[in-house]
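Here's the structure, in structure tokens; my notes come after.
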2 protein chains.
Amino acid sequence: MFSTGHYLILSSLSRNGPESRSELALRLGMSKAAVSSLVRDLLKQEILCEQTPVHGSGRPSVPLAVRAEAAWFIGISLQDDPAIVVLTDLHGTVHDRMELPRHADLETCVSSLCDAITHLRKGLRSAKVSGVGMALPGFVANDRQTCLACAALGWRDVDIGGVLSKRTGLPTWIENDANALILGEQLFGALRSSPDFSVIFISNGIGCANIVNGRLLRGYAGGAGEMSHAPIVTDMAHALPCRCGNRGCLETVASLLAIGNAARRAGLPGEIAELARLAAGAHPEALSILHHAGASMGLATAHLIQLIDPSHVVVMLDPNLRDGIYGHALQRETESHILRRPVSRGMIQFRDFEPDSFACGAASLAARYFIFGPDGV
Amino acid sequence: MFSTGHYLILSSLSRNGPESRSELALRLGMSKAAVSSLVRDLLKQEILCEQTPVHGSGRPSVPLAVRAEAAWFIGISLQDDPAIVVLTDLHGTVHDRMELPRHADLETCVSSLCDAITHLRKGLRSAKVSGVGMALPGFVANDRQTCLACAALGWRDVDIGGVLSKRTGLPTWIENDANALILGEQLFGALRSSPDFSVIFISNGIGCANIVNGRLLRGYAGGAGEMSHAPIVTDMAHALPCRCGNRGCLETVASLLAIGNAARRAGLPGEIAELARLAAGAHPEALSILHHAGASMGLATAHLIQLIDPSHVVVMLDPNLRDGIYGHALQRETESHILRRPVSRGMIQFRDFEPDSFACGAASLAARYFIFGPDGV
DNA sequence: GTCAATAGTTTATATTATGAACTATGTTGA
DNA sequence: TCAACATAGTTCATAATATAAACTATTGAC
């Protein structure tokens with residue numbers, strides 16, 4: 001259908017925003033003739049549209065933009081219960097969403113998801129959905145169809161992608177939660193033009209993913225970005241045992257679960273909002289717990305920055321954590337342990353943890369295929 | 001001269017070893033006709049050669065190999081004094097070498113290097129040198145020609161590559177020491193077919209570089225792999241100040257310099273061989289110093305493995321360190337802090353620290369251009 | 001109103017890969 | 001020994017894709 005050239009145009013416009021044919025030719029190192037011809041095809045297919053001309057000296061240039069309504073995608077997040085299903089356009093904007101109970105049983109799970117997808121597709125009338133993406137907390141095989149292991153759902157070697165694909169008739173991609181998040185950020189987010197950035201999210205667990213050289217850093221065994229079990233507490237007298245078998249892992253101190261546990265051990269409420277309120281009121285024990293957690297997170301972040309050198313680190317977390325001592329400790333500890341760089345201001349970007357983020361990231365998995373093509377990154 | 005296709009063939013053969021035209025076509029996803037034609041050109045240019053046919057059922061296949069003598073390269077290491085200049089072939093084999101005093105003065109430095117290069121070229125008779133690579137301890141600009149900063153030589157914004165290139169008439173590439181090392185390993189070494197591996201070297205300082213998705217991980221500001229200032233000693237009572245301004249950096253405990261300093265503070269000899277001998281004789285202080293150093297190195301390595309997930313980590317160090325408690329502590333501490341993976345045996349590969357390694361890596365910078373072409377990675 | 005400047009198109013052509021038929025060179029087994 | 005088969009590699013007509021250079025289009029500026 002489309003050639004590599006078409007996808008080059010499409011991905012450049014998606015990444016760098018609207019540009020004229022001449023600018024595209026310059027950026028992509030192609031001839032104006034080639035761009036002209038490729039753009040013609042994409043306009044005819046109504047995937048691109050021409051924006052109002054920009055006047056300078058000489059003939060005005062016509063910025064070309066990717067049409068948001070050119071394609072629609074379904075994104076599913078099994079990150080939490082309830083599961084979330086969203087319908088997005090080609091810009092990543094959510095047009096409709098549903099929440100449904102998350103079932104561990106494969107058959108029930110697929111059935112309820114398919115019902116939701118059917119319902120969302122109906123709302124679209126004539127327009128077509130191009131693909132489905134799913135994010136889940138666990139390991140996913142290289143084929144991006146099979147879930148190798150998911151503790152939360154008790155899955156092992158579950159071909160959830162294949163089953164979904166067969167039932168919906170739509171191409172389907174599966175991805176680990178953190179990976180889906182960062183891929184969504186890369187395709188739709190503010191950092192989309194940066195080839196080197198990282199995303200960390202802090203919820204009950206801690207997730208992390210990295211874009212490096214413009215591509216997702218997966219690593220040899222798909223385990224890259226696993227900061228959650230970074231050995232942070234090295235003082236073995238205080239290191240708590242972790243479910244991974246080691247002691248002192250980051251997630252034993254810095255995750256919501258760990259903070260809640262620490263609070264309850266100290267006789268404080270395990271609710272994060274409550275604890276943050278206490279800390280804001282200068283409650284010494286609450287302050288200590290949150291400071292230790294945030295500083296540990298900061299130490300791990302410093303390791304990440306030193307090793308991977310991203311332009312930005314997006315940290316998604318509960319606003320209660322962000323605005324209090326946890327966020328401050330995180331930022332201070334990170335900055336005090338990295339080598340000063342020319343630009344380190346605003347390197348850490350806090351962002352609210354929103355439940356739809358994972359579903360949006362999931363939808364982006366399918367959108368990537370549309371934008372980058374079959375050989376795309 | 002050559003097209004993308006030619007470079008595809010050349011880099012595949014270089015990376016995956018000799019293969020027949022049919023195998024190449026399969027691996028590269030090209031038609032047999034295309035491969036046949038491209039190979040014909042490369043044979044005519046005497047860059048490839050045909051090996052003895054392999055018999056199976058049907059017509060024997062003819063493995064094609066990159067001819068070592070097809071191109072020659074100069075590699076320069078300014079890592080230590082004396083500087084080292086090597087002449088390598090297209091397989092990375094050193095055919096000749098020279099050592100010369102390392103001059104900080106640009107003019108003197110370039111002059112003596114040019115003399116050495118001229119001498120090495122003479123030994124080649126008719127054959128031509130295709131390019132020059134240089135490795136130095138410091139920061140190098142994106143153009144791979146300019147040294148931005150080099151503490152050892154006191155250089156700032158020195159266009160050493162441009163000057164060398166002008167004087168020798170040869171294309172020249174400059175690279176940071178660790179980067180040159182891993183790029184050499186990727187082109188010529190045993191791990192050349194792995195797209196995800198890391199190299200660490202431990203000398204007076206500590207260097208680290210990573211290949212990720214088949215490409216060098218440079219990071220946003222070119223600072224990726226900077227493990228030398230990883231915050232390892234978090235117990236501030238014992239954290240030593242580092243030249244970077246922070247305290248407790250890895251290099252304040254695990255480098256040769258740090259070990260020597262610690263030994264001298266304890267009234268022991270600062271020589272690494274001496275110290276290792278003492279430790280082998282169960283000298284408690286020597287053991288303690290080396291164990292602490294090795295374990296710290298292991299902790300940092302564990303962070304690296306968790307975040308980047310390489311298939312292998314090559315650790316280059318003094319044999320005295322490798323065989324004693326330092327090496328053991330490094331390995332044990334690393335393995336105890338990483339999540340178990342299906343294949344973790346032999347993940348850490350110790351290798352002797354050889355002075356020519358950097359110069360070979362430097363030569364590989366020029367060889368890359370020959371093998372991967374102008375658009376190559 | 002002409003000219004300079006830049007955007008975009010047309011068209012003939014060059015480059016590069018492909019598919020399918022063909023040749024080459026062996027092994028296998030009656 | 002020789003036909004049958006299997007696989008490797010080549011040839012050649014063709015398709016796909018990009019290019020260069022000349023062209024048209026559309027404006028601002030003087």
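Heavy-atom basis, side chains included; hydrogens, waters and symmetry copies ignored. Each chain gets a letter, A, B and so on, in the order the sequences are listed, and its residues count up from 1.
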Does the protein touch nucleotides 24-30 of chain D at the base, only the backbone, or not at all? Give it as B, S and - per nucleotide, heavy atoms under 4.0 Å. -BBBS--
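- We find that CZ of A:Phe2 is positioned 16 Å from P of D:dA16, with the value rounded to whole Å.
- For the pair A:Leu28 CG and D:dT17 P, the computed distance is 16 Å after rounding to whole Å.
- At the heavy-atom level, B:Ser61 lies under 4.0 Å from the strands shown only through sugar-phosphate atoms.
- The side chain of A:Met30 approaches D:dA18 more closely than any other nucleotide in the set C:dT18, D:dA18, D:dA8.
- At the heavy-atom level, A:Ser20 lies under 4.0 Å from the strands shown only through sugar-phosphate atoms.
- Side-chain N or O atoms of A:Thr146 include none that pairs as donor or acceptor with a backbone N or O of A:Leu148 at under 3.5 Å.
- Aromatic ring pairs are classed by plane angle as parallel below 30°, tilted from 30° to 60° and perpendicular above 60°; the pair B:Trp72 and B:His95 is perpendicular.
- Note: CD (B:Glu50) to P (D:dA8) measures 15 Å, nearest angstrom.
- A donor-acceptor pair is defined here as one N or O able to donate and one able to accept, closer than 3.5 Å; such a pair exists between the side chain of B:Asp196 and the backbone of B:Asn213.
- Relative orientation of the B:Phe2 and B:Tyr7 rings is perpendicular, given thresholds of 30° and 60° on the angle between their planes.
- Straight-line distance from the CG atom of B:Leu8 to the P atom of C:dT18: 11 Å, rounded to whole Å.
- B:Val62 comes within 4.0 angstrom of sugar-phosphate atoms only, judged by non-hydrogen atoms across all strands, and of no base.
- The interatomic distance linking B:Leu38 (CG) with C:dT18 (P) rounds to 10 Å, in whole Å.
- Rounded to an integer number of Å, the gap from CG of B:Leu48 to P of D:dG9 is 13 Å.
- Here the closest heavy-atom approach between residue A:Ala180 and residue A:Ser364 is recorded as O-OG, 4.3 Å.
- Looking only at side-chain heavy atoms (C-beta outward), A:Leu217 and A:Arg215 stay at 4.5 Å or farther from each other.
- Between B:Arg21 and C:dA24, a side-chain N or O to OP1/OP2 separation shorter than 4.0 Å is absent.
- The interatomic distance linking A:Asp41 (CG) with D:dA16 (P) rounds to 13 Å, in whole Å.
- Proximity of A:Ser22 to the phosphate of C:dG8: a side-chain N or O atom is located under 4.0 Å from OP1 or OP2.
- Residues A:Asn210 and A:Gly225 share a closest heavy-atom pair of ND2-CA, 3.8 Å.
- Taking only side-chain nitrogens and oxygens, A:Ser3 never comes nearer than 4.0 Å to OP1 or OP2 of D:dA16.
- Nearest nucleotide to the side chain of A:Lys32, out of C:dA7, D:dG9, C:dT11: C:dA7.
- Distance, B:Leu64 CG to D:dA8 C1': 11 Å, rounded to whole Å.
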